[in-house]
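Letters A, B, ... mirror the listed sequences (proteins, then strands); counts begin at 1. Computed over heavy atoms, backbone and side chain alike; hydrogens, waters and symmetry mates excluded. Just so it is clear, the model here is predicted, and its values are computed rather than measured.
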There are 4 protein chains.
Amino acid sequence: MAATTDDRLRLLIERVERLEEEKKGIADDIRDVYAEAKAVGYDAKIMRQIVRLRKMKPDDRAEMEAILDTYKAALGLG
Amino acid sequence: MAATTDDRLRLLIERVERLEEEKKGIADDIRDVYAEAKAVGYDAKIMRQIVRLRKMKPDDRAEMEAILDTYKAALGLG
Amino acid sequence: MAATTDDRLRLLIERVERLEEEKKGIADDIRDVYAEAKAVGYDAKIMRQIVRLRKMKPDDRAEMEAILDTYKAALGLG
Amino acid sequence: MAATTDDRLRLLIERVERLEEEKKGIADDIRDVYAEAKAVGYDAKIMRQIVRLRKMKPDDRAEMEAILDTYKAALGLG
DNA sequence: GGGGCAACAAG
DNA sequence: CTTGTTGCCCC
């Protein structure tokens, strides 16, 4: 009988749905923080860039800067 | 003096970072559920479609499926 | 001397950039077609689904649709 | 009669499909250039970063650098 | 409300 | 790691 199988699928689906709801809630919280930041004069777009930069490992940031130099040198850019 | 401003920025950034960590944790949980489903024989890709369909309002879903059928008929996609 | 090396790099980079420009041009064309379709009453989102379905091999598509129906039945998604 | 409508949809779909094929062809060409670059000793990953950097408008790059300074100052990073 | 853009998920 | 999809923000 298929009911057991069906229930297993349903349970898995419902777990996913619950988790996605939680995830959406957090995404909304993040949005709220940016809205609050904007309300006190910060630029949300720039804040996002900062968050991205802070997420990088220091070595990676250093490498990125080195690449920038390499590219400038090899391509003749100031 | 800028310290107050800087702290306010830092606090906002750190709130975002904390929330993003939580969000990532949940995304990982979702991935785990799909992995578990796959391990017992379900097709994760199709499960995702189901989740998407269940997220829609019934009327919207019915309408979408009707349009899809219309287009399939028009293109000879039996 | 590094000039030869630099030029070789520059040439490769420029070839990539030219190709990426072309690619972007075509992506814009695709966008235009969907916009035109929308203007005469078609649903672009569903058209994209059709394009995806037509890309699949008929057998694969049939199988996918069969599984999808099975899951829908199991979840009571009429 | 629906045949005209159907043909219009089919024509639009086929235009999209043709364009997507072209796009894929160019993507393949790009891949080939990177493969060739790798074969003569360049690092494809770094080349991609260079391409990305060159894609930015100089002003944006300058702004990005300013943002980097701002973030370092406000967040106390070296 | 639409179009462009950036994050997210899929392959 | 790259591409396609989706949701968000600005216009």
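- Under the 4.5 Å side-chain heavy-atom criterion for grouping Ile, Leu, Val, Met, Phe, Trp and Tyr, C:Met56 is connected to B:Ile46 within one hydrophobic cluster.
- The pair B:Arg15-A:Glu36 counts as a salt bridge, with a side-chain nitrogen and a carboxylate oxygen less than 4.0 angstrom apart.
- Grouping the Ile, Leu, Val, Met, Phe, Trp and Tyr side chains by contacts below 4.5 angstrom, directly or via other members, places C:Ile67 with B:Leu77.
- Linking ILVMFWY side-chain heavy atoms closer than 4.5 Å, directly or via other members, places A:Val51 and A:Met64 in a single hydrophobic cluster.
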Checklist outcome for this item: Given protein heavy atoms under 4.0 Å, the one-letter contact record of nucleotides 4-11 of chain E, with B base, S sugar-phosphate only and - none, is simply S-SSSSSS

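- A salt bridge is absent between D:Glu22 and C:Lys23; no separation between the charged side-chain nitrogens and carboxylate oxygens falls under 4.0 Å.
- One atom, CE of C:Met56, and another, P of F:dG4, lie 17 Å apart when rounded to the nearest Å.
- The shortest distance between side-chain heavy atoms of A:Arg52 and A:Gln49 falls below 4.5 Å.
- Against DNA chain F, the stretch residues 36-44 of chain A makes heavy-atom approaches under 4.0 Å through A:Lys38.
- Between the P atom of F:dT5 and the CE atom of B:Met64 lies a distance of 15 Å, rounded to the nearest Å.
- Distance, C:Leu19 CG to F:dT3 P: 13 Å, rounded to whole Å.
- Seen from the ring of D:Tyr71, A:Arg54 does not count as a face-on cation partner, given the 6.0 Å and 45° thresholds.
- Taking 4.0 Å as the cut-off between side-chain N and carboxylate O, D:Lys24 and D:Asp28 count as a salt-bridged pair.
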